[in-house]
Amino acid sequence: MFDTNQETVRSWTKRQDEKAIKISKVEHIAKNRVIPTDRIVEALELLISPGDRVVLEGNNQKQASFLSASLAEVDPGKVNQLHMIMSSISRPEHLDIFERGVAEKIDFSYAGPQSLRVAQMIEDGMLKMGEIHTYLELYGRLFVDLIPNVVLVAADKADINGNLYTGPNTEETPTIIEAAAFKDGIVIVQVNELVEELPRVDIPGTWVDFIVEAQKPYQLEALFTRDPKHITELQILMGMMAIRGIYEKHNVQSLNHGIGFNTAAIELLLPTYGEQLGLKGKICKNWVLNPHPTLIPAIESGWVESIHCFGGEVGMEQYVAARPDVFFTGRDGSLRSNRTLSQVAGQYATDMFIGSSLQIDQYGNSSTVTSGRLSGFGGAPNMGHDPRGRRHSTPAWLDLVTGDDQLARGRKLVVQMVETHQAGNVPVFVESLDAISVARTANLSTTPVMIYGDDVTHVVTEEGIAYLYKAQSLEERRHALAAIAGVTPIGMKHDTKRTEKLRQDGLVALPEDLGIRRTDAKRTLLAAKSVEDLVEWSGGLYNPPDKFRSCY
Amino acid sequence: MKSAFLFPGQGSQKAGMLHDLPQHTSILKTLLEANEVLNQDVLLWDTEEALQSTVAVQVALLTAEVATARALMSEGATPDMVAGHSVGSFSAAVIAGVLDFKDALLLVKKRGELMESAYPHGYGMGVVLGLNERTLLPIIEEISTSTHPVFLANVNAPDQITIAGKLSAIGDVFELARRKGARKAQFLNVSVPSHCPLLQFVSEALGKALEDISFHEPRIPYAGNRTARALRKANAIREDLALSISNPVRWYDATSVLFELGARLYVEMSPGSVLTELARSAFTDARSLSVSEFGLQTASILIQREKARSV
């Protein structure tokens with residue numbers, strides 16, 4: 001019904017108007033959109049309203065640490081009930097904001113470094129849980145139903161026009177800013193320094209409302225550095241099996257590697273074992289991953305054609321800048337990363353995802369959740385699933401077609417690579433995932449499974465490989481997994497006769513089936529055995545952080 | 001980054017532990033304070049013989065720990081947060097500024113006396129290595145009955161859990177635990193089934209005693225035994241001090257919370273070194289050390305260096 005009493009004209013510019021009012025409130029503080037460092041708390045109190053949706057940039061590497069510390073200092077009488085949206089809850093003050101009553105609700109993706117406190121605060125009613133996302137889902141929702149009022153992000157440098165240089169650590173900054181800048185949200189950026197001229201513009205100044213020079217550079221973690229010294233012969237054995245039984249077998253050309261010593265071992269085996277097999281130029285050409293130092297030997301020996309990165313890696317700046325044919329770099333020479341685009345690439349455009357896990361159940365569902373901790377997902381599930389909307393074909397994708405249906409399509413390889421036991425003799429293969437009880441305690445609407453069993457195509461352990469994509473039934477899937485699950489509750493169930501049949505049918509391969517002798521898995525096979533070796537491979541361009549230097 | 005002071009509980013006592021404390025004004029002053037409250041030279045309490053009594057053990061631990069922490073603090077090596085294991089939590093409360101040392105001494109003495117009177121024989125504690133709580137708890141529940149009680153006590157590490165109750169029931173749990181893959185299961189040399197409901201009456205008596213004592217708001221966070229929360233209110237800490245003895249100590253979680261709050265240096269007060277080992281294996285990205293091994297001066301330098309390290 002048409003309401004004839006409705007005299008007022010509907011405004012179509014509410015967000016614009018509100019933003020203009022807020023910006024006028026800080027006119028006396030900010031000159032040329034620069035907020036003085038010592039007045040940031042006051043400015044935040046004027047720019048953020050109770051109940052606002054606020055994105056605080058914290059991802060697993062770069063942290064807007066000055067802005068998060070400042071937000072933790074605002075007066076909860078003025079700023080409260082905030083709905084925080086964060087890729088990663090990483091720093092202590094990210095949760096102090098809730099303890100102090102400034103914020104009340106959270107939507108996030110990853111909380112590894114604060115996973116116990118998150119779980120405790122939910123239990124204590126101090127934190128209202130939104131949802132736990134994968135990175136891409138969270139970024140997606142910034143443009144749908146989690147459109148921010150204010151975003152607090154970090155950049156390396158800004159110029160007088162607000163243009164930003166984010167350099168190797170661009171990560172998700174452009175995505176977060178875009179969601180606010182084009183929907184009348186307020187964009188506040190902390191920078192390490194204000195300069196006359198930027199090395200290059202990563203984000204244009206017209207997207208930025210305020211700049212503040214931080215007291216000290218933003219926090220940056222070297223998360224993707226694995227010291228080859230700690231790679232074990234068991235991991236080398238698994239790496240050899242993966243190269244022969246998966247990479248070579250399926251002709252895997254484009255891929256993502258997670259963090260972990262398992263995949264670091266593979267990276268260091270390519271120039272040695274991979275070379276012996278004559279695989280150079282045939283597999284592992286196009287990569288989506290951070291600049292892993294352990295990939296340096298493969299790059300230097302000509303294995304790698306391209307790498308697109310989610311973020312940077314501390315110490316790899318010079319090396320990357322010197323290899324622009326391989327990495328994506330800007331005109332200034334340094335790396336350009338972009339987490340959103342790299343996640344999309346890893347989801348849709350690669351042949352394979354390979355990662356590790358803490359627990360796997362009898363059907364191959366896996367989880368990194370341990371009891372009492374709410375660690376979230378990050379990006380692994382984006383890449384660790386078969387995107388069913390995919391249309392383009394590659395040899396590896398087509399190789400996973402089973403059956404002869406005329407409409408049959410290929411499949412992404414989703415590989416889980418785990419030792420059957422974690423440190424302390426804790427079995428990885430379990431009857432039921434800890435995630436189930438965590439979901440119950442935290443009252444989550446779904447169980448936090450990292451990679452669903454029906455997406456997993458292969459599982460590699462020190463015992464062998466299970467080719468789960470070939471299983472015709474859930475029962476067969478269970479038997480194939482049990483055959484390689486070692487002395488775990490799941491592995492104890494396997495029956496040797498059945499395993500023989502599975503080997504004949506190609507559902508299970510043991511090392512000997514792949515022509516690998518366990519005794520061949522030696523550390524001498526690693527192209528680099530230490531961080532020093534990596535530095536040498538890089539011609540001195542890799543500059544490892546202190547904690548990875550051997551004198552530490 | 002930040003430093004956490006850790007205060008050990010029973011099991012860490014050593015004969016001569018008070019005599020072995022280094023020469024330091026703050027330590028001397030603390031010993032004198034203890035003498036005054038006890039009406040006796042506290043140095044008589046750390047002999048092999050005296051330490052047969054849990055009362056002496058607890059009083060001597062409290063004194064040694066508070067003395068060590070005060071000595072460090074007087075050198076400018078101050079903690080950003082604290083946690084104490086069982087009786088150690090009284091020391092932690094003193095150092096957090098919640099409780100006066102003199103009050104703590106009387107409380108701990110009372111706590112010891114109540115515990116000593118409780119279960120003269122047939123009860124005790126054991127430790128199981130190599131099983132996590134999720135696996136061990138159902139075993140305990142299967143064995144425990146009202147006449148044959150056994151409970152989960154302390155979760156010191158994900159795979160190091162103590163249990164408390166009747167000796168025979170503890171033995172039964174050991175047997176099943178071994179069958180489920182426990183690496184080791186053995187009795188501890190204690191006669192009191194601590195940190196389980198059997199000591200409910202101690203909690204109640206302590207709770208009453210705590211009511212009469214003046215508490216101050218903590219200067220720094222205190223990680224609680226029972227809830228493993230970072231406690232920032234005097235009342236919450238008072239409750240933890242009373243209830244800890246009849247509830248499991250969630251040590252692994254308590255120290256994990258401190259890690260999440262930014263602790264990258266764990267320093268264990270004398271005479272202990274067990275908590276240092278636990279922290280060392282739980283937090284590979286942090287440094288852990290005990291004052292008894294490193295000495296006051298080295299510990300103090302490292303704490304101040306940690307403070308200067310940027311985040």
Side-chain angles (χ1 to χ4, degrees), chain A residues 63 65-66 68-69 89-96 99-100 111-121 123-124 126 214-223 230 358-359 370-375 421-427 430-434 436-438 487-489 492 546-547 552, chain B residues 1-2 4 80-81 128-138 155-161 177 179-184 221 223-224 226-233 236 248 250-264 278 281-287 308-311:
Chain A
Q63 306 288 335
S65 37
F66 174 66
S68 59
I89 306 173
S90 312
R91 294 174 57 81
E93 74 263 16
H94 289 164
L95 292 173
D96 296 347
E99 282 180 348
R100 294 198 60 236
Q114 296 290 325
S115 56
L116 176 58
R117 278 176 86 206
V118 168
Q120 290 184 342
M121 288 172 71
E123 207 179 313
D124 298 347
M126 232 188 281
Q215 273 158 345
K216 49 187 174 192
Y218 59 73
Q219 182 199 353
L220 189 66
E221 293 267 1
L223 269 187
H230 303 304
L358 292 181
Q359 285 191 332
T370 45
S371 136
R373 266 77 173 160
L374 221 50
S375 54
H421 289 81
Q422 302 170 42
N425 208 30
V426 180
V430 294
E431 306 264 0
S432 101
L433 301 175
D434 280 359
I436 294 171
S437 61
V438 167
V487 194
T488 61
M492 311 278 258
D546 286 346
K547 69 169 175 175
Y552 181 76
Chain B
M1 301 298 284
K2 295 179 171 171
D80 299 291
M81 48 194 100
V128 178
L129 300 182
L131 290 187
N132 60 19
E133 189 177 344
R134 227 170 74 112
T135 319
L136 188 59
L137 201 54
V155 184
N156 294 327
D159 64 346
Q160 183 190 322
I161 299 176
R179 248 183 271 159
K180 279 267 181 188
R183 212 163 54 239
K184 206 169 177 186
R226 186 177 66 95
T227 61
R229 298 319 196 246
L231 304 178
R232 298 163 199 269
K233 292 275 171 233
R250 304 218 154 259
W251 185 252
Y252 173 64
D253 279 354
T255 47
S256 297
V257 160
L258 297 183
F259 185 85
E260 292 189 357
L261 286 173
R264 293 298 178 270
L278 288 174
S281 56
F283 314 108
T284 46
D285 288 341
R287 182 163 191 177
R309 265 181 56 199
S310 69
V311 178

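Just so you know, these numbers use all the heavy atoms, side chains as well, and skip hydrogens, waters and symmetry mates. Just so it is clear: chains get the letters A, B, ... in the order the sequence lines come, proteins before strands, and each one is counted from 1. All values derive from a computational prediction rather than experimental measurement.
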Peer 1: Between atom CG of B:Leu261 and atom CZ of A:Arg91, what is the distance when rounded to the nearest 0.5 Å?
Peer 2: 12.5 Å
Peer 1: Ignoring hydrogens, what is the shortest heavy-atom contact between A:Pro92 and B:Gly262? Give both atom names and the distance.
Peer 2: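 Minimum heavy-atom contact is CG-N, 4.0 Å.
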Peer 1: Taking atom CE of A:Met492 as the centre, does the number of heavy atoms from other residues, nucleotides or ligands within less than 6.0 Å exceed 12?
Peer 2: no
Peer 1: Would you say CZ of B:Arg264 has more than 12 non-hydrogen atoms from neighbouring residues, nucleotides or ligands within 6.0 angstrom?
Peer 2: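 Yes, the 6.0 Å shell around CZ holds more than 12 heavy atoms from other groups.
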Peer 1: Heavy-atom distance under 4.5 Å to chain B: side chain of A:Glu99, backbone, both or neither?
Peer 2: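 Just the side chain, heavy atoms under 4.5 Å.
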Peer 1: So for atom CD, which belongs to A:Gln422, do other residues, nucleotides or ligands contribute more than 12 heavy atoms lying within a distance under 6.0 Å?
Peer 2: yes
Peer 1: By a 4.5 Å heavy-atom criterion (distance strictly below it), what part of A:Thr370 contacts chain B: side chain, backbone, both, or neither?
Peer 2: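 Answer is neither: A:Thr370 stays 4.5 Å or more from chain B.
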Peer 1: Contact part of B:Arg134 toward chain A, heavy-atom cut-off under 4.5 Å: side chain, backbone, both or neither?
Peer 2: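 Contact with chain A: side chain only.
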Peer 1: Please classify the contact of B:Asp159 with chain A as side chain, backbone, both or neither, using a heavy-atom distance under 4.5 Å.
Peer 2: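 B:Asp159 touches chain A through side-chain heavy atoms alone.
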Peer 1: Can you name the residues that form a salt bridge (charged side-chain N to carboxylate O under 4.0 Å, His left out) with B:Glu133, not counting sequence neighbours?
Peer 2: B:Arg250
Peer 1: I need the minimum non-hydrogen distance between B:Glu260 and A:Arg117, along with the two atoms involved.
Peer 2: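 For B:Glu260 versus A:Arg117, the nearest heavy atoms are OE1-N, 2.8 Å.
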Peer 1: A:Leu116 and B:Val257: which non-hydrogen atoms are nearest, and at how many Å?
Peer 2: CD2-CG2, 3.4 Å
Peer 1: Based on non-hydrogen pairs under 4.5 Å, which of A:Pro489, A:Pro427, A:Ser432 is most in contact with chain B?
Peer 2: A:Ser432
Peer 1: Select one option (side chain, backbone, both, neither) describing which atoms of B:Ala228 are under 4.5 Å from chain A's heavy atoms.
Peer 2: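 Both parts, heavy atoms under 4.5 Å.
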Peer 1: Let me know if B:Ser281 has heavy atoms under 4.5 Å from chain A in its side chain, its backbone, both or neither.
Peer 2: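 Neither part.
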Peer 1: Among residues at least two apart in sequence or on other chains, which ones pass side-chain hydrogen bond (donor to acceptor under 3.5 Å, both in side chains) with B:Thr135?
Peer 2: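 Only B:Asn132 meet the side-chain hydrogen bond (donor to acceptor under 3.5 Å, both in side chains) criterion with B:Thr135.
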Peer 1: Given that the side chain runs from C-beta out, which part of A:Asp434 has a heavy atom under 4.5 Å from chain B: side chain, backbone, both or neither?
Peer 2: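 Its backbone and side chain both get close to chain B.
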